[in-house]
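Because only heavy atoms are used, hydrogens play no part in the values below, and waters and symmetry mates are left out as well, while side chains stay in. So that the names make sense, note that chain A is the first sequence line, chain B the second, and so on, each numbered from 1. Only a predicted model underlies this, so the values are computations on that prediction, with no experimental measurement involved.
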Protein chains: 2
Amino acid sequence: MGLLQEIKQTKPFASREQEAVLAILKTADDLRRRIAGPVESRGLSLEQYNILRILRGAGTAGLPTLEVAARMIERTPAITRLMDKLEQKGFVDRERCLTDRRQVFCRITPAALALLTEMDSAVIGLDSQTIQLPEVELEQLLKTLQNIRESLT
Amino acid sequence: MGLLQEIKQTKPFASREQEAVLAILKTADDLRRRIAGPVESRGLSLEQYNILRILRGAGTAGLPTLEVAARMIERTPAITRLMDKLEQKGFVDRERCLTDRRQVFCRITPAALALLTEMDSAVIGLDSQTIQLPEVELEQLLKTLQNIRESLT
DNA sequence: TGAAGATGATTGACATGTCAAGCAGTTTGC
DNA sequence: GCAAACTGCTTGACATGTCAATCATCTTCA
């Protein structure tokens with residue numbers, strides 16, 4: 001069953017390229033829903049989880065708010081508000097930078113670190129369950145998607 | 001520049017599969033932003049545009065509200081409210097079905113049809129500008145994404 | 001030095017996405 | 001028939017995403 005039947009389109013796609021665009025959008029959406037499960041069952045949204053993973057990678061130094069935004073898909077204002085919530089939940093500490101008082105450094109708390117550790121294996125397992133492709137096909141996919149993103153710049 | 005640098009991840013991906021998941025999510029997001037331009041410049045959101053395209057495909061008979069939802073990525077409640085707005089703008093007519101009074105048939109209006117026609121070439125052109133891949137690679141991409149979606153069921 | 005501009009972050013207003021609950025109308029099975 | 005279950009759609013409440021505007025703080029450079 002191709003995407004054509006899958007989204008029950010009556011008319012054929014205008015072009016193979018258009019079909020590809022829609023296929024990428026739909027696949028991403030399906031993936032998002034699938035991946036969200038184990039994260040949301042622990043009271044985090046997928047976006048909050050992503051922030052925490054980035055902050056974990058940053059270590060004890062933490063990161064400025066906008067640096068976190070730069071590593072994510074989200075726009076700036078969304079980060080501020082997500083960070084507010086994570087702070088409320090006790091998963092993030094924020095502190096104004098002393099040398100540049102415009103910046104606010106965000107750091108993951110021990111509680112959040114513990115939670116992430118607990119979730120790691122479930123999430124990693126889910127990724128490999130979800131993407132079951134021969135090595136060659138997987139590499140090709142990564143290459144093609146990168147091509148597309150580059151041509152978007 | 002790979003996705004690794006692109007999203008400035010400090011640590012490597014846990015697996016190639018995880019990298020693929022993130023690549024699909026990010027590519028979809030980049031695409032969405034790119035494609036939105038010509039649609040939003042005419043006062044429609046991407047979602048409203050999708051609904052109108054589906055209704056155009058359905059012809060003068062129209063479609064029940066939930067049938068439109070089924071052809072889209074959106075969940076049911078979102079459709080009701082998007083349809084409210086399209087009706088307000090005069091782009092959609094709604095009428096309760098006589099034989100099954102639970103259903104509400106939605107039809108595209110002539111005004112919306114004209115608007116869509118005006119937008120068609122711009123959108124189609126954008127798709128082919130955006131996806132610039134050799135034929136073989138394009139076909140492979142479609143096949144791989146379909147594989148992934150099927151394994152999500 | 002001090003005014004103009006850049007940068008980091010936040011807020012307001014609004015669009016969309018989602019679940020849970022609810023209502024109206026249909027169907028089913030006794 | 002008629003109560004129970006199902007279906008189609010809508011609403012409420014809330015999370016997220018986005019733009020534009022704003023505030024505070026640097027930086028630059030005449």
- Which residues in residues 77-95 of chain A have at least one heavy atom lying under 4.0 Å from any atom of DNA chain C?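 Residues of residues 77-95 of chain A under 4.0 Å from DNA chain C: A/Pro77, A/Thr80, A/Arg81, A/Arg94.
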
Look only at the side chain of [X] and the backbone of [Y], and say whether a donor-acceptor pair between them is shorter than 3.5 Å.
X        : Y        : value
A/Arg101 : A/Cys97  : no
B/Lys143 : B/Leu138 : no
B/Lys26  : A/Arg149 : no

- Query: Do other residues, nucleotides or ligands put more than 12 heavy atoms under 6.0 Å from the CD atom of A/Glu118?
  - Reply: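 Correct, the count exceeds 12.
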
For this session: Side-chain contact test, heavy atoms from C-beta onward, threshold under 4.5 Å: evaluate it for B/Thr65 versus B/Gln103 and give yes or no.
Result: no

Flag side-chain contact, heavy atom, 4.5 Å: B/Leu113 against B/Leu52
no

With sugar-phosphate taken as primed atoms, P, OP1 and OP2 and all else as base, the protein-contact string of nucleotides 21-26 of chain C at under 4.0 Å (heavy atoms; B, S, -) is ----BS

Exercise for the section: Figure out the CD/C1' separation between A/Gln103 and C/dT10, and round it to whole Å. Expected result: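 It is 15 Å, rounded to the nearest whole Å.
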
- prompt: Can you pull the contact range of chain A along DNA chain D, 5' to 3', using atoms under 4.0 angstrom from its heavy atoms?
  reply: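 Range of nucleotides touched by chain A: D/dA15 to D/dC26.
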
Of A/Arg32 and B/Thr65, the one whose nearest nucleotide on DNA chain D sits closer to the 5' end is B/Thr65

Worksheet item: Strictly by modelled atom types, are B/Thr144 and A/Glu137 linked by a side-chain donor-acceptor pair under 3.5 Å?
Response: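 Distance-only check passes for B/Thr144 and A/Glu137.
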
Pick the closest DNA chain C nucleotide for A/Asp29 and for A/Leu66 by heavy atoms, then say which residue is nearer the 5' end.
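This one resolves to A/Leu66.
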
Quick one: side-chain contact (heavy atoms from CB on, under 4.5 Å) partners of A/Ser45, sequence neighbours excluded?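 For A/Ser45 the side-chain contact (heavy atoms from CB on, under 4.5 Å) partners, ignoring immediate neighbours, are A/Glu47, A/Gln48.
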
Under 4.0 Å between a side-chain nitrogen and a carboxylate oxygen: does that hold for [X] and [Y]?
X        : Y       : answer
A/Asp127 : A/Arg34 : no
B/Glu139 : A/Arg16 : yes
A/Arg94  : A/Asp84 : yes

Net bend of the helix from C/dT1-D/dA30 to C/dC30-D/dG1, end axes of five pairs each, nearest 10 degrees
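Axis-to-axis angle, ends of the helix: 10°.
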
_Tell me whether B/Leu141 shares a hydrophobic cluster with B/Leu152, the cluster being built from Ile, Leu, Val, Met, Phe, Trp, Tyr side chains joined at under 4.5 Å._
yes

By salt bridge (charged side-chain N to carboxylate O under 4.0 Å, His left out), B/Asp29 pairs with (sequence neighbours left out) B/Arg33

